[in-house]
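Step one of this worksheet: look at the structure below.
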Amino acid sequence: MKLNKIRNIGIIAHIDAGKTTVTERILYYTGKVHKMGEVHDGEATMDWMEEEKERGITITSAVTTVFWRNHTINIIDTPGHVDFTIEVERCLRVLDGAVGVFCAVGGVEPQSETVWHQADRYRVPKIAFVNKMDRAGSDFNRVIEMMKKRLGSNPLILQLPMGSGSDFRGVIDLVEMKAIVWDEESLGTEYSYVEIPEEFKEEAQSHRNNLLEALAEADEAIMEKYLEEEEIGKKEIQEVVRALTLNLKGVPVLCGAALRNKGIQPLIDAIIQYLPSPLDLPPLIGDDPDTGVPKKVFHDPEGPLCSLAFKVMMDQGRKVTYVRIYSGKIREGDTVFNSGKRLQEKVSRVLRMHANKRERIDEARAGDIVAVMGFRETSTGDTLCGEGFRVLLEPIAGKDPVIDMAIEPKKVGDFDRLLDALQKLAQEDPTFRFRQDKETGQIIISGMGELHLEIKAERLLREYGLETNKGRPQVVYRESISQAIIHEEIFDKELAGQRHYAKVVLEVIPNERGKGNEFLDRCVNPLLSKEILEAISQGVEEGFKVGVLMGYPMLDVRVHLKDIDIKENFSNELAFRIAASMALKNACLKATPILLEPIVKVDIIVPEEFIGEVIGDINSRKGRIEEITSQGPAQLLKVTVPLKQMFGYSTALRSLTQGRATFSMQFSHYDQV
């Protein structure tokens, strides 16, 4: 398949906007599956894990490949729940385009906003699909306004809904100026272009004029024709919309109702028409791992191999690594070079994935997203290249866990098996960590939320046959300081028969919340060499790892190196590293240390009649109301609350509102307890 005929896309959205249903319809209409699976029945192809079927949510990103009008489309269906944000992050890193699915009732919801901005960060061109137009309370225009306001995007409306709620009949294509209607009997497989019904003609003409005006501003040829009132052809419109989409200056907007099988085929056409092929993307910039000199990687199947491992999975105890190939080829039996870990890996099998089903292939080329078996040491974010073309791509940024939970095996003899299983789960998921407490011997697992850890415990039982007892989740705290202090530390000791001496003067200053830790050289002493400065910097970094109150890592502390003193023959890098670490610890003890706790942003959508009870409950949890906005018959509350106050909140909210309110939360920042 030629590179210009390949599309690598992700389906991104808030939980429950209908991502998986849209993906299922795409699979059905492209002939990949012969029966539509429904999320609510636990039958969706892409939600293949038992935990996904039970909960009706996507937990792990699933990859599949479909074919449409002589094009290959590699699709990744991503989770919408904030606990699994790393799944979205690592997929967006390797995708060329994305389809943002919005619920026509809920509009731009919090997690949609998060993933949209993640996609912006990776400069991923996007299409928007307004789903659930058949739902009561659906409002297409409101979603468009929210896209402008909340996402800062420029929506290019290419389709209008014909009716809404139970009156939703089909869509109006503003490029062709035709209505599209789907045949209910054929489950939406058959559809036809018809004349726009009289009652929608005026609205359609008005929206088409708005579209042409937006395109005229971006393209002189269209501007001339528009001013001369000449006919502007379909191909011209499509070319300018594509150019705006690829340059992130516009977002084509389509609409439909995936569950009612309406709107999907034009969406697949739009994916091919407006989203980029690998050839539309600029070359990647990596670094030479030996010299650090920047290197360009061109999207070329005949070029040297360059690929990125973006996901690791354990399947029946065997490691499967998902790889995006940017240049060159990977064949069964090849040896590739892991440039980050500086080791060679052997390719034993190359697999094309369809959710959890696999098809063995001989080779994969530039533009492909495949799974590889045989890699032992490769993990998420590693670059795999040819030995003759060594390059290191930017790794995938991980996120630190915010919640801890103690876990132990029910059977005493299962302790080592549990550690082994946790090791495998941690290999798959960079946001999941575990450690053994040195003092108590207890195993502590850490993750992004209650649901995240709950699902890991379920997988231990299902996949590894390990029954466990779980403690109550604990919040991961941080430590900081509340005043500035200058401290002098002298390290003068005999180690291994040799005297070591170093004197360091440090100033510690509270940093702004969210700024993180900083180390700055403010020393004018000519005795300070590059090697000693590096040793002091290492000592300070080590000191940041263990706080002075309860041993939690330090956060938001700025350290200035003010002065040093050296004694010839006795001062060395080791002495300065130890002195700097001790200086930081003792300075922080004097600087009134404080404990910081994680604060989460919570968005609660609550019916009008329960608003008082919900606000009262948030106040009792020491939460702060940031904003209240009306969403039709419901209210959207934006609040910030300490994470420890949010354990078990879903049960409390259900009982307060008769199960009618929903909420989503994500980590915001650390603040003083």
Side-chain angles (χ1 to χ4, degrees), residues 13-26 28-29 36-41 43-44 56 80 99-109 112 128-147 155 157-174 178-204 206-207 253-268 605-609 630-636 657-662:
H14 188 84
I15 190 166
D16 248 8
K19 289 181 309 303
T20 302
T21 306
V22 168
T23 312
E24 288 298 316
R25 297 309 183 264
I26 292 174
Y28 182 72
Y29 296 130
M36 287 187 218
E38 302 298 3
V39 176
H40 52 264
D41 298 332
E43 295 291 328
V99 177
V101 179
F102 299 104
C103 169
V105 182
V108 178
E109 294 167 285
S112 316
F129 181 71
V130 181
N131 190 27
K132 303 193 180 184
M133 281 308 309
D134 58 322
R135 283 264 305 273
S138 59
D139 188 338
F140 180 76
N141 292 326
R142 181 171 154 268
V143 179
I144 299 296
E145 286 310 309
M146 289 174 87
M147 283 179 68
I157 300 171
L158 305 186
Q159 287 181 355
L160 287 179
M162 282 199 293
S164 65
S166 56
D167 293 335
F168 178 63
R169 284 173 270 167
V171 302
I172 295 165
D173 184 330
L174 298 177
K178 292 273 188 190
I180 314 174
V181 289
W182 279 265
D183 174 38
E184 304 267 350
E185 297 293 312
S186 67
L187 290 177
T189 306
E190 291 173 22
Y191 59 103
S192 47
Y193 283 79
V194 297
E195 284 302 315
I196 298 171
E198 201 59 48
E199 74 238 54
F200 295 111
K201 273 190 176 166
E202 195 180 322
E203 186 190 1
S206 160
H207 276 280
V253 182
L254 296 90
C255 59
L259 197 61
R260 298 282 166 266
N261 312 315
K262 290 175 181 165
I264 300 300
Q265 295 94 332
L267 174 63
I268 314 174
I605 296 173
V606 56
E608 187 85 59
E609 61 262 41
S630 177
Q631 288 210 338
Q635 298 284 329
L636 169 66
T657 63
Q658 297 167 14
R660 288 171 58 198
T662 59

May I have the list of side-chain donor-acceptor pairs in residues 162-173 shorter than 3.5 Å, sequence neighbours left out?
| from | atom 1 | to | atom 2 | distance (Å) |
| --- | --- | --- | --- | --- |
| Arg169 | NH2 | Glu199 | OE2 | 3.0 |
| Asp173 | OD1 | Val175 | N | 2.8 |
| Asp173 | OD1 | Glu176 | N | 3.1 |

Indicate yes or no for a side-chain donor-acceptor contact from Arg25 to the backbone of Gly188 under 3.5 Å, with no hydrogens or angles considered.
no
Give a yes or no answer on whether the side chain of Gln635 reaches the backbone of Glu608 with a donor-acceptor pair at less than 3.5 Å.
no
side-chain contact (heavy atoms from CB on, under 4.5 Å) partners for Glu203, two or more places apart
Leu160, Phe200, His207
Looking at every heavy atom in both Ala204 and Ile196, which two are closest together, and how far apart are they?
CB-CD1, 4.2 Å
Value for CH2 (Trp182) from OG1 (Thr189), rounded to nearest 0.5 Å, stands at 12.0 Å
Value rounded to 0.5 Å, distance of CD in Glu24 from CG in Leu259:
11.5 Å
Closest non-hydrogen atoms of Arg142 and Gly107, given as atom of the first, atom of the second and distance, are NH1-N, 4.4 Å
At what distance, to the nearest 0.5 angstrom, does OG of Ser138 lie from CE of Met133?
4.0 Å
Does the side chain of Asn261 come within less than 4.5 Å of Tyr28's, by heavy atoms?
no
Nearest 0.5 angstrom please: Thr657 OG1 to Ile605 CD1, how far?
12.0 Å
Report the residues that fulfil side-chain hydrogen bond (donor to acceptor under 3.5 Å, both in side chains) with Arg135, sequence neighbours left out, ordered by chain and then residue number.
none
Which heavy atom of Ala258 sits nearest to which heavy atom of Val22, and what is that distance?
CB-CG2, 3.8 Å
Let's go through Leu174 and Leu158 carefully: what are the C-alpha distance in whole Å and the side-chain angles of both, what is the deciding distance for side-chain contact (heavy atoms from CB on, under 4.5 Å) to 0.1 Å, and is it a yes or a no?
CA-CA 5 Å; Leu174 298 177; Leu158 305 186; 5.6 Å; no
Answer yes or no: is there a side-chain heavy-atom contact under 4.5 Å between Leu267 and Val99?
yes
Report the distance from atom CG of Leu187 to atom CZ of Arg260, rounding to the nearest 0.5 Å.
12.0 Å
How far apart are the closest heavy atoms of Gly263 and Phe129, and which atoms are they?
O-CE1, 3.7 Å
Could you list the residues that satisfy side-chain hydrogen bond (donor to acceptor under 3.5 Å, both in side chains) with Lys201, not counting sequence neighbours?
none
Would you please name every residue forming a side-chain contact (heavy atoms from CB on, under 4.5 Å) with Ser192, sequence neighbours left out?
Val181, Val194
With sequence neighbours excluded, what pairs up with Asn141 under the side-chain hydrogen bond (donor to acceptor under 3.5 Å, both in side chains) test?
none
Provide the closest heavy-atom pair for Ala136 versus Val105 in the form atom of the first, atom of the second, distance.
O-CG2, 3.7 Å
Taking only residues two or more places apart in sequence or in another chain, which ones pass salt bridge (charged side-chain N to carboxylate O under 4.0 Å, His left out) with Glu190?
none
Looking at CD1 of Ile264 and OG1 of Thr21, how far apart are the two atoms once the value is rounded to the nearest 0.5 Å?
9.0 Å
With sequence neighbours excluded, what pairs up with Glu184 under the side-chain hydrogen bond (donor to acceptor under 3.5 Å, both in side chains) test?
Lys262
Between Gln265 and Ile180, does a side-chain contact (heavy atoms from CB on, under 4.5 Å) hold up when you go through it step by step?
CA-CA 10 Å; Gln265 295 94 332; Ile180 314 174; over 6 Å; no
